[in-house]
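Reviewing the structure listed below.
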Amino acid sequence: MSAVKRLPGFQDILPEDRVYWDYVMSKATGLAQRYGFLRLDPPVVESINLFARGNGEASDFFVNKEMYAIEESDGSYVALRPEFTAGMVRAYVNNGMHSRPQPVKLYTFGPAFRRERQQAGRFRQHTQFDCEILGETDPAADLEIMMLAMSVFKEIGYSELEFQLNSTGCKTCKPGYVQALKDYLGDHLDKLAEIDQQRLKLNPLRILDSKEKGMNELLAGAPHIVDHLCEDCETHFNDLRAMLEKLGTPYKINFRLVRGIDYYTKTVFEVWDSRIGAQGSLCGGGRYDGLAEAIGGSSTPGVGFGLGIERAVLGMKAEEITPPSPPEPTIFVAHFGGDTKLAAVDITYQLRSAGIGTRLAFARDRRSMKSQMREANKYPISYAIIVGDGELAEGKVTIRPMFEGSGDQYQHPIEDVLAEIQKAAGNG
RNA sequence: GCGGGUAUGGCGAAACGGUUAUCGCGCUUGGUUGUGGCCCAGGAGUUCUGGGUUCGAUUCCCAGUACUCGCCCCA
(Lines give C-alpha, C1' and ligand atoms only; values in the text may rest on other atoms or scores of the structure.)
Protein backbone atom coordinates (compact mmCIF):
# COMPACT_ATOMS: atom_id res chain seq x y z
CA MET A 1 0.00 0.00 0.00
CA SER A 2 1.38 3.38 -0.92
CA ALA A 3 1.42 6.09 1.69
CA VAL A 4 -1.41 8.57 1.93
CA LYS A 5 -0.43 11.72 0.11
CA ARG A 6 -0.88 15.38 0.81
CA LEU A 7 -3.74 16.92 -1.18
CA PRO A 8 -2.79 18.91 -4.26
CA GLY A 9 -2.68 22.63 -3.63
CA PHE A 10 -1.96 22.16 0.05
CA GLN A 11 1.42 22.28 1.65
CA ASP A 12 3.45 21.11 4.57
CA ILE A 13 5.37 23.98 6.06
CA LEU A 14 8.65 22.39 7.02
CA PRO A 15 10.83 23.67 9.86
CA GLU A 16 13.25 25.29 7.40
CA ASP A 17 10.41 27.33 5.92
CA ARG A 18 8.57 27.96 9.13
CA VAL A 19 11.30 30.35 10.32
CA TYR A 20 10.46 32.58 7.34
CA TRP A 21 6.80 32.49 8.29
CA ASP A 22 7.52 33.32 11.90
CA TYR A 23 9.62 36.25 10.80
CA VAL A 24 6.89 37.69 8.58
CA MET A 25 4.28 37.16 11.27
CA SER A 26 6.32 38.75 14.02
CA LYS A 27 7.05 41.81 11.89
CA ALA A 28 3.42 42.13 10.86
CA THR A 29 2.12 41.71 14.40
CA GLY A 30 4.59 44.21 15.80
CA LEU A 31 3.61 46.81 13.24
CA ALA A 32 -0.12 46.30 13.63
CA GLN A 33 0.20 46.76 17.38
CA ARG A 34 2.34 49.86 16.93
CA TYR A 35 -0.37 51.31 14.69
CA GLY A 36 -2.97 50.61 17.37
CA PHE A 37 -4.69 47.60 15.83
CA LEU A 38 -6.28 44.93 18.02
CA ARG A 39 -6.45 41.27 17.17
CA LEU A 40 -9.78 39.65 16.39
CA ASP A 41 -9.98 36.10 15.02
CA PRO A 42 -13.17 35.20 13.19
CA PRO A 43 -13.90 31.49 12.60
CA VAL A 44 -12.61 29.59 9.61
CA VAL A 45 -16.11 28.43 8.69
CA GLU A 46 -18.90 30.89 7.96
CA SER A 47 -22.37 30.77 6.45
CA ILE A 48 -22.20 30.69 2.68
CA ASN A 49 -24.42 33.77 2.66
CA LEU A 50 -21.62 35.85 4.06
CA PHE A 51 -19.73 35.37 0.81
CA ALA A 52 -22.54 34.78 -1.66
CA ARG A 53 -24.63 37.89 -0.84
CA GLY A 54 -27.45 37.94 -3.33
CA ASN A 55 -25.39 37.08 -6.36
CA GLY A 56 -28.15 34.89 -7.70
CA GLU A 57 -27.97 31.14 -7.17
CA ALA A 58 -25.62 30.44 -4.28
CA SER A 59 -24.44 27.12 -5.68
CA ASP A 60 -23.44 28.78 -8.94
CA PHE A 61 -21.64 31.36 -6.94
CA PHE A 62 -19.44 29.09 -4.90
CA VAL A 63 -18.69 26.81 -7.79
CA ASN A 64 -17.85 29.74 -9.98
CA LYS A 65 -15.86 31.39 -7.25
CA GLU A 66 -13.96 28.23 -6.38
CA MET A 67 -15.18 28.17 -2.81
CA TYR A 68 -14.97 25.24 -0.41
CA ALA A 69 -18.60 24.70 0.52
CA ILE A 70 -20.03 22.08 2.85
CA GLU A 71 -23.66 21.06 2.94
CA GLU A 72 -25.18 20.82 6.42
CA SER A 73 -27.80 18.28 7.39
CA ASP A 74 -30.57 20.89 7.07
CA GLY A 75 -29.60 21.59 3.47
CA SER A 76 -27.94 24.91 4.17
CA TYR A 77 -24.37 25.59 3.16
CA VAL A 78 -21.36 26.73 5.07
CA ALA A 79 -18.02 27.62 3.54
CA LEU A 80 -14.38 27.70 4.43
CA ARG A 81 -13.58 31.37 4.32
CA PRO A 82 -11.97 32.46 1.03
CA GLU A 83 -10.83 35.75 2.55
CA PHE A 84 -11.02 37.68 5.80
CA THR A 85 -12.70 40.99 5.16
CA ALA A 86 -16.27 39.72 5.12
CA GLY A 87 -15.77 37.79 8.35
CA MET A 88 -14.15 40.75 10.05
CA VAL A 89 -17.02 43.03 9.09
CA ARG A 90 -19.54 40.40 10.20
CA ALA A 91 -17.78 40.16 13.56
CA TYR A 92 -17.90 43.94 13.89
CA VAL A 93 -21.62 43.96 13.15
CA ASN A 94 -22.53 40.92 15.28
CA ASN A 95 -20.60 42.11 18.30
CA GLY A 96 -22.00 45.61 18.26
CA MET A 97 -18.58 47.08 17.82
CA HIS A 98 -20.14 50.30 16.51
CA SER A 99 -20.60 51.15 20.17
CA ARG A 100 -16.87 51.13 20.78
CA PRO A 101 -14.72 54.17 20.13
CA GLN A 102 -14.64 54.61 16.34
CA PRO A 103 -12.93 53.67 14.22
CA VAL A 104 -12.27 50.08 15.24
CA LYS A 105 -8.91 48.87 13.99
CA LEU A 106 -8.52 45.12 13.76
CA TYR A 107 -5.95 42.62 12.56
CA THR A 108 -5.82 38.86 12.31
CA PHE A 109 -3.86 35.92 10.99
CA GLY A 110 -5.04 32.63 9.67
CA PRO A 111 -5.76 30.25 6.81
CA ALA A 112 -8.13 30.99 3.94
CA PHE A 113 -9.28 28.58 1.25
CA ARG A 114 -9.87 28.72 -2.47
CA ARG A 115 -10.49 25.70 -4.62
CA GLU A 116 -8.24 26.78 -7.44
CA ARG A 117 -5.55 25.15 -9.47
CA GLN A 118 -2.12 25.57 -7.99
CA GLN A 119 0.34 28.04 -9.46
CA ALA A 120 3.40 29.82 -8.18
CA GLY A 121 2.63 31.21 -4.76
CA ARG A 122 -1.06 30.30 -4.92
CA PHE A 123 -2.40 27.46 -2.85
CA ARG A 124 -5.79 26.06 -1.93
CA GLN A 125 -4.99 26.85 1.66
CA HIS A 126 -3.10 30.05 2.09
CA THR A 127 -2.35 32.11 5.13
CA GLN A 128 -3.21 35.74 5.42
CA PHE A 129 -2.36 38.67 7.58
CA ASP A 130 -5.39 40.92 7.44
CA CYS A 131 -6.04 44.44 8.74
CA GLU A 132 -9.23 46.46 8.70
CA ILE A 133 -10.28 49.92 9.85
CA LEU A 134 -14.04 50.03 10.38
CA GLY A 135 -16.18 53.10 10.95
CA GLU A 136 -14.00 55.76 9.36
CA THR A 137 -14.28 57.65 6.07
CA ASP A 138 -11.20 59.85 6.45
CA PRO A 139 -8.72 59.11 3.64
CA ALA A 140 -6.08 59.17 6.37
CA ALA A 141 -7.48 55.76 7.30
CA ASP A 142 -6.82 54.58 3.74
CA LEU A 143 -3.34 55.98 4.09
CA GLU A 144 -2.85 54.15 7.37
CA ILE A 145 -3.86 50.84 5.81
CA MET A 146 -1.57 51.42 2.85
CA MET A 147 1.40 52.44 4.95
CA LEU A 148 0.93 49.52 7.29
CA ALA A 149 0.84 47.12 4.35
CA MET A 150 3.98 48.54 2.84
CA SER A 151 5.76 48.79 6.18
CA VAL A 152 5.45 45.07 6.73
CA PHE A 153 7.52 44.47 3.61
CA LYS A 154 9.86 47.31 4.42
CA GLU A 155 10.57 45.91 7.88
CA ILE A 156 11.11 42.47 6.48
CA GLY A 157 13.81 43.96 4.32
CA TYR A 158 12.32 44.41 0.85
CA SER A 159 14.22 47.11 -0.96
CA GLU A 160 12.19 48.37 -3.93
CA LEU A 161 8.60 49.03 -2.93
CA GLU A 162 5.94 51.21 -4.44
CA PHE A 163 2.18 51.57 -4.44
CA GLN A 164 -0.09 51.02 -7.38
CA LEU A 165 -3.09 53.21 -6.74
CA ASN A 166 -6.49 53.73 -8.23
CA SER A 167 -10.02 54.63 -7.23
CA THR A 168 -12.94 52.43 -8.06
CA GLY A 169 -15.50 55.18 -7.50
CA CYS A 170 -18.77 54.63 -5.69
CA LYS A 171 -22.34 53.76 -6.57
CA THR A 172 -22.80 57.34 -7.74
CA CYS A 173 -19.97 57.56 -10.23
CA LYS A 174 -18.93 53.98 -10.99
CA PRO A 175 -21.91 53.19 -13.28
CA GLY A 176 -21.13 56.18 -15.48
CA TYR A 177 -17.58 55.07 -15.86
CA VAL A 178 -18.52 51.49 -16.59
CA GLN A 179 -20.79 52.76 -19.36
CA ALA A 180 -18.02 54.89 -20.82
CA LEU A 181 -15.70 51.91 -20.77
CA LYS A 182 -18.29 49.69 -22.41
CA ASP A 183 -18.84 52.28 -25.11
CA TYR A 184 -15.15 52.50 -25.84
CA LEU A 185 -14.62 48.74 -25.91
CA GLY A 186 -17.78 48.27 -27.91
CA ASP A 187 -16.23 50.37 -30.64
CA HIS A 188 -13.27 47.99 -30.72
CA LEU A 189 -15.04 44.66 -30.40
CA ASP A 190 -12.96 43.14 -33.19
CA LYS A 191 -9.80 43.66 -31.15
CA LEU A 192 -11.14 41.90 -28.08
CA ALA A 193 -10.27 38.30 -27.36
CA GLU A 194 -13.20 35.97 -26.90
CA ILE A 195 -12.75 35.87 -23.15
CA ASP A 196 -12.84 39.65 -23.01
CA GLN A 197 -15.98 39.80 -25.12
CA GLN A 198 -17.56 37.59 -22.48
CA ARG A 199 -16.29 39.85 -19.76
CA LEU A 200 -17.67 42.87 -21.53
CA LYS A 201 -21.11 41.49 -20.85
CA LEU A 202 -20.53 40.05 -17.38
CA ASN A 203 -18.01 42.30 -15.72
CA PRO A 204 -16.46 44.92 -18.01
CA LEU A 205 -14.06 46.22 -15.35
CA ARG A 206 -12.24 42.90 -15.40
CA ILE A 207 -11.16 43.60 -18.97
CA LEU A 208 -8.86 46.22 -17.53
CA ASP A 209 -6.67 43.55 -15.97
CA SER A 210 -6.99 41.14 -18.88
CA LYS A 211 -3.84 39.29 -19.78
CA GLU A 212 -4.73 38.92 -23.45
CA LYS A 213 -2.28 40.18 -26.04
CA GLY A 214 -2.63 43.65 -27.42
CA MET A 215 -4.48 44.99 -24.41
CA ASN A 216 -1.85 47.60 -23.61
CA GLU A 217 -2.38 49.20 -26.99
CA LEU A 218 -6.13 48.89 -26.94
CA LEU A 219 -6.48 50.21 -23.39
CA ALA A 220 -4.15 53.11 -24.02
CA GLY A 221 -7.10 55.00 -25.43
CA ALA A 222 -9.63 53.74 -22.90
CA PRO A 223 -11.29 56.09 -20.42
CA HIS A 224 -9.77 56.26 -16.95
CA ILE A 225 -12.00 56.13 -13.92
CA VAL A 226 -10.19 58.96 -12.18
CA ASP A 227 -11.62 61.23 -14.88
CA HIS A 228 -15.13 60.07 -14.06
CA LEU A 229 -15.21 60.35 -10.26
CA CYS A 230 -17.94 62.19 -8.46
CA GLU A 231 -16.95 65.11 -6.29
CA ASP A 232 -16.83 63.09 -3.08
CA CYS A 233 -14.66 60.34 -4.59
CA GLU A 234 -12.41 62.82 -6.33
CA THR A 235 -11.80 64.77 -3.14
CA HIS A 236 -11.08 61.55 -1.27
CA PHE A 237 -8.63 60.46 -3.95
CA ASN A 238 -6.86 63.79 -4.07
CA ASP A 239 -6.58 64.03 -0.29
CA LEU A 240 -5.04 60.58 -0.17
CA ARG A 241 -2.57 61.47 -2.90
CA ALA A 242 -1.61 64.66 -1.09
CA MET A 243 -0.80 62.67 2.04
CA LEU A 244 1.24 60.11 0.13
CA GLU A 245 3.18 62.91 -1.49
CA LYS A 246 3.72 64.62 1.84
CA LEU A 247 5.27 61.40 3.10
CA GLY A 248 7.36 61.06 -0.06
CA THR A 249 6.02 57.57 -0.63
CA PRO A 250 6.38 56.39 -4.22
CA TYR A 251 3.14 55.47 -5.97
CA LYS A 252 1.86 55.10 -9.49
CA ILE A 253 -1.69 55.61 -10.57
CA ASN A 254 -2.74 52.44 -12.31
CA PHE A 255 -6.07 52.81 -14.05
CA ARG A 256 -6.18 49.08 -14.70
CA LEU A 257 -6.36 48.25 -11.00
CA VAL A 258 -10.02 47.49 -10.33
CA ARG A 259 -12.59 45.75 -8.17
CA GLY A 260 -15.59 44.31 -9.92
CA ILE A 261 -18.03 44.07 -7.04
CA ASP A 262 -20.00 47.18 -6.20
CA TYR A 263 -19.57 47.39 -2.45
CA TYR A 264 -15.96 48.30 -3.17
CA THR A 265 -15.56 52.03 -3.22
CA LYS A 266 -12.91 54.64 -3.70
CA THR A 267 -9.40 53.50 -2.86
CA VAL A 268 -7.87 50.44 -4.50
CA PHE A 269 -4.18 49.73 -4.03
CA GLU A 270 -1.47 47.13 -4.28
CA VAL A 271 2.06 47.03 -2.93
CA TRP A 272 4.49 46.13 -5.68
CA ASP A 273 8.07 45.09 -5.68
CA SER A 274 9.17 47.36 -8.50
CA ARG A 275 12.15 45.17 -9.33
CA ILE A 276 9.89 42.33 -10.35
CA GLY A 277 7.63 44.52 -12.46
CA ALA A 278 4.10 43.56 -13.42
CA GLN A 279 4.25 40.27 -11.58
CA GLY A 280 5.44 42.03 -8.46
CA SER A 281 2.17 42.45 -6.65
CA LEU A 282 2.85 41.61 -3.02
CA CYS A 283 -0.48 42.42 -1.46
CA GLY A 284 -3.55 44.52 -2.03
CA GLY A 285 -6.46 46.19 -0.38
CA GLY A 286 -8.91 49.01 -0.56
CA ARG A 287 -12.07 50.63 0.68
CA TYR A 288 -15.43 48.90 0.91
CA ASP A 289 -17.95 51.36 2.27
CA GLY A 290 -20.87 49.25 1.04
CA LEU A 291 -19.92 45.87 2.52
CA ALA A 292 -21.44 46.14 6.00
CA GLU A 293 -24.81 46.95 4.48
CA ALA A 294 -24.46 44.19 1.92
CA ILE A 295 -24.24 41.62 4.70
CA GLY A 296 -27.20 43.11 6.54
CA GLY A 297 -25.56 45.45 9.01
CA SER A 298 -25.95 49.17 9.33
CA SER A 299 -23.91 51.26 6.98
CA THR A 300 -20.29 51.24 8.11
CA PRO A 301 -17.37 52.46 6.06
CA GLY A 302 -14.30 50.27 6.00
CA VAL A 303 -10.85 49.99 4.50
CA GLY A 304 -8.35 47.17 4.77
CA PHE A 305 -5.84 44.87 3.18
CA GLY A 306 -4.88 41.24 3.11
CA LEU A 307 -1.35 39.94 2.79
CA GLY A 308 -0.50 36.39 1.79
CA ILE A 309 2.31 34.97 3.89
CA GLU A 310 3.31 32.53 1.15
CA ARG A 311 3.82 35.41 -1.26
CA ALA A 312 5.83 37.38 1.29
CA VAL A 313 8.06 34.39 1.98
CA LEU A 314 8.58 33.78 -1.73
CA GLY A 315 9.73 37.35 -2.11
CA MET A 316 12.01 37.09 0.91
CA LYS A 317 13.81 34.23 -0.75
CA ALA A 318 14.01 36.15 -4.02
CA GLU A 319 15.48 39.09 -2.15
CA GLU A 320 17.78 36.72 -0.26
CA ILE A 321 16.56 37.89 3.09
CA THR A 322 17.43 35.37 5.79
CA PRO A 323 15.25 35.20 8.86
CA PRO A 324 16.86 34.88 12.27
CA SER A 325 17.41 31.35 13.52
CA PRO A 326 15.23 30.16 16.35
CA PRO A 327 16.94 29.47 19.67
CA GLU A 328 18.26 25.94 20.07
CA PRO A 329 19.63 24.03 23.02
CA THR A 330 23.33 24.62 23.60
CA ILE A 331 23.81 21.96 26.27
CA PHE A 332 24.02 18.26 25.54
CA VAL A 333 23.85 15.57 28.20
CA ALA A 334 25.46 12.20 27.44
CA HIS A 335 25.53 9.07 29.59
CA PHE A 336 26.15 5.34 29.63
CA GLY A 337 22.82 4.02 30.79
CA GLY A 338 21.88 2.70 34.22
CA ASP A 339 22.65 5.04 37.10
CA THR A 340 24.42 7.47 34.77
CA LYS A 341 21.22 7.77 32.74
CA LEU A 342 19.22 8.56 35.88
CA ALA A 343 21.75 11.21 36.82
CA ALA A 344 21.73 12.58 33.27
CA VAL A 345 17.96 12.87 33.28
CA ASP A 346 18.11 14.66 36.62
CA ILE A 347 20.69 17.15 35.35
CA THR A 348 18.78 17.71 32.12
CA TYR A 349 15.61 18.74 33.93
CA GLN A 350 17.50 20.89 36.43
CA LEU A 351 18.92 22.83 33.50
CA ARG A 352 15.61 23.03 31.65
CA SER A 353 13.83 24.22 34.80
CA ALA A 354 16.41 26.97 35.02
CA GLY A 355 15.57 28.00 31.45
CA ILE A 356 18.63 26.53 29.82
CA GLY A 357 17.95 24.76 26.53
CA THR A 358 19.18 21.21 26.93
CA ARG A 359 19.27 18.17 24.69
CA LEU A 360 19.37 14.75 26.31
CA ALA A 361 20.96 11.79 24.55
CA PHE A 362 18.37 9.08 24.04
CA ALA A 363 19.48 5.49 24.40
CA ARG A 364 17.42 2.50 25.41
CA ASP A 365 20.58 0.60 26.18
CA ARG A 366 24.18 1.57 26.59
CA ARG A 367 25.16 3.66 23.59
CA SER A 368 28.68 4.41 22.39
CA MET A 369 30.08 7.77 23.38
CA LYS A 370 31.22 8.29 19.79
CA SER A 371 27.67 8.02 18.60
CA GLN A 372 26.45 10.43 21.26
CA MET A 373 29.15 12.96 20.51
CA ARG A 374 28.43 12.76 16.81
CA GLU A 375 24.85 13.54 17.61
CA ALA A 376 25.85 16.54 19.72
CA ASN A 377 28.01 17.77 16.88
CA LYS A 378 25.00 18.08 14.58
CA TYR A 379 23.59 20.83 16.73
CA PRO A 380 24.97 24.14 17.94
CA ILE A 381 26.03 22.61 21.26
CA SER A 382 28.53 24.62 23.27
CA TYR A 383 28.87 22.24 26.24
CA ALA A 384 28.45 18.51 26.53
CA ILE A 385 27.91 17.15 30.01
CA ILE A 386 29.15 13.57 30.16
CA VAL A 387 27.84 11.48 33.00
CA GLY A 388 30.17 8.49 33.34
CA ASP A 389 30.43 5.72 35.87
CA GLY A 390 33.86 6.82 37.03
CA GLU A 391 32.92 10.45 37.67
CA LEU A 392 29.57 9.51 39.14
CA ALA A 393 31.27 7.33 41.74
CA GLU A 394 33.13 10.46 42.84
CA GLY A 395 30.04 12.65 42.64
CA LYS A 396 31.28 14.42 39.51
CA VAL A 397 30.53 14.83 35.82
CA THR A 398 32.70 15.78 32.87
CA ILE A 399 32.01 19.11 31.20
CA ARG A 400 33.32 19.28 27.68
CA PRO A 401 33.29 22.61 25.84
CA MET A 402 32.47 22.06 22.18
CA PHE A 403 32.57 25.46 20.56
CA GLU A 404 35.38 26.60 18.37
CA GLY A 405 38.53 27.51 20.26
CA SER A 406 37.17 26.12 23.50
CA GLY A 407 39.42 24.74 26.21
CA ASP A 408 39.82 21.19 27.49
CA GLN A 409 37.15 19.22 29.23
CA TYR A 410 37.17 19.07 33.01
CA GLN A 411 35.37 17.44 35.90
CA HIS A 412 32.96 19.22 38.16
CA PRO A 413 30.91 18.24 41.24
CA ILE A 414 27.52 16.99 40.16
CA GLU A 415 25.54 18.99 42.73
CA ASP A 416 26.98 22.20 41.32
CA VAL A 417 26.48 21.51 37.61
CA LEU A 418 23.68 24.03 37.13
CA ALA A 419 25.67 26.91 38.59
CA GLU A 420 28.75 25.89 36.64
CA ILE A 421 26.85 25.77 33.35
CA GLN A 422 25.14 29.06 34.08
CA LYS A 423 28.57 30.58 34.68
CA ALA A 424 30.18 28.97 31.64
CA ALA A 425 27.29 29.66 29.29
CA GLY A 426 27.22 33.24 30.50
CA ASN A 427 30.83 33.63 29.43
CA GLY A 428 30.57 31.50 26.32
C1' G B 1 -12.59 23.45 -16.61
C1' C B 2 -8.32 24.52 -20.46
C1' G B 3 -3.05 24.50 -22.04
C1' G B 4 2.64 23.92 -21.57
C1' G B 5 6.79 21.43 -19.02
C1' U B 6 8.89 17.54 -16.03
C1' A B 7 8.89 12.52 -13.84
C1' U B 8 15.94 8.10 -11.68
C1' G B 9 17.23 6.27 -4.06
C1' G B 10 15.42 11.36 1.65
C1' C B 11 17.70 15.68 -1.50
C1' G B 12 20.58 17.28 -5.93
C1' A B 13 22.41 15.29 -10.21
C1' A B 14 24.75 11.50 -14.16
C1' A B 15 24.39 7.39 -17.64
C1' C B 16 23.36 3.76 -21.52
C1' G B 17 18.58 0.18 -26.57
C1' G B 18 21.49 -5.01 -23.51
C1' U B 19 25.63 -8.47 -17.96
C1' U B 20 25.15 -6.52 -10.36
C1' A B 21 22.22 1.68 -12.99
C1' U B 22 26.73 5.86 -11.22
C1' C B 23 28.20 10.21 -8.15
C1' G B 24 27.70 13.99 -4.39
C1' C B 25 24.98 15.44 0.03
C1' G B 26 22.22 13.44 3.76
C1' C B 27 20.90 9.20 6.91
C1' U B 28 22.92 4.93 9.45
C1' U B 29 26.71 1.20 11.50
C1' G B 30 31.68 0.37 12.67
C1' G B 31 37.09 1.89 13.05
C1' U B 32 39.23 -2.38 20.41
C1' U B 33 37.51 -1.32 25.83
C1' G B 34 33.94 6.04 27.86
C1' U B 35 34.21 11.14 23.72
C1' G B 36 32.37 15.20 18.16
C1' G B 37 33.97 17.90 13.71
C1' C B 38 38.69 15.24 9.30
C1' C B 39 39.65 10.44 7.41
C1' C B 40 38.61 5.13 6.27
C1' A B 41 35.30 0.83 5.69
C1' G B 42 30.27 -1.00 5.46
C1' G B 43 24.50 -0.47 5.08
C1' A B 44 19.76 0.98 2.82
C1' G B 45 17.22 2.38 -3.78
C1' U B 46 11.22 -2.84 -7.56
C1' U B 47 14.88 4.19 -12.57
C1' C B 48 6.04 6.92 -11.29
C1' U B 49 2.00 3.16 -13.11
C1' G B 50 -0.02 0.45 -17.25
C1' G B 51 0.40 -0.76 -22.21
C1' G B 52 3.20 -0.81 -27.01
C1' U B 53 7.78 -1.12 -30.36
C1' U B 54 12.05 -4.50 -29.78
C1' C B 55 15.47 -10.60 -29.21
C1' G B 56 15.95 -7.00 -25.03
C1' A B 57 13.90 -0.64 -22.27
C1' U B 58 15.38 2.97 -17.06
C1' U B 59 16.55 4.89 -21.86
C1' C B 60 11.85 5.08 -27.95
C1' C B 61 6.14 5.62 -28.48
C1' C B 62 1.07 5.97 -26.20
C1' A B 63 -2.16 6.36 -22.08
C1' G B 64 -2.80 7.14 -16.99
C1' U B 65 -1.13 9.41 -12.61
C1' A B 66 1.73 12.87 -9.95
C1' C B 67 4.31 17.26 -9.65
C1' U B 68 5.00 22.01 -11.73
C1' C B 69 4.08 26.56 -14.59
C1' G B 70 0.33 29.48 -17.01
C1' C B 71 -5.05 30.56 -18.32
C1' C B 72 -10.05 30.80 -16.15
C1' C B 73 -11.36 32.85 -11.14
C1' C B 74 -9.29 36.28 -7.66
C1' A B 75 -13.62 38.49 -2.50
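Every chain is numbered from 1 and lettered A, B, ... according to where its sequence line falls, protein lines coming before strand lines.
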Under the side chain to side chain donor-acceptor pair (under 3.5 Å) test, residues paired with [X] that sit two or more places apart:
{"X": "Asp389(A)", "answer": "none"}
{"X": "Asp22(A)", "answer": "Arg18(A)"}
{"X": "Thr398(A)", "answer": "Glu391(A)"}
{"X": "Arg359(A)", "answer": "none"}

So what's rU19(B) paired with, Watson-Crick or G-U wobble, going by both distances under 3.5 Å?
-> none
With RNA chain B as reference, determine whether Pro8(A) or Pro82(A) sits nearer its 5' end, using the nearest nucleotide of each.
-> Pro8(A)
Using a 4.0 Å heavy-atom cut-off, does [X] contact any base of the nucleic acid, only the sugar-phosphate backbone, or nothing at all?
{"X": "Glu391(A)", "value": "base"}
{"X": "Arg81(A)", "value": "nothing"}
{"X": "Gly390(A)", "value": "base"}
{"X": "Tyr288(A)", "value": "nothing"}

For atom CG of Asp209(A) and atom P of rC71(B), their distance in whole Å = 11 Å
Pull out every protein N or O sitting under 3.5 Å from an N or O of nucleotides 3-5 of chain B, one pair per line with the distance.
none

Asp416(A) and Lys423(A) ion-paired at < 4.0 Å | no
If only side-chain N and O atoms of Gln119(A) are considered, is one of them under 4.0 Å from the OP1 or OP2 phosphate oxygen of rU68(B)?
-> no
Restricting to pairs with a member in residues 88-97 of chain A, which pass salt bridge (charged side-chain N to carboxylate O under 4.0 Å, His left out), not counting sequence neighbours?
-> Glu46(A)-Arg90(A)
Can you name the ring pair (Phe, Tyr, Trp, His ring centres under 6.0 Å) partners of His236(A), sequence neighbours left out?
-> none
Ring pair (Phe, Tyr, Trp, His ring centres under 6.0 Å) against Tyr264(A), all qualifying residues, sequence neighbours excluded | none
Neighbours of RNA chain B within residues 15-24 of chain A, by heavy-atom distance under 4.0 Å | none
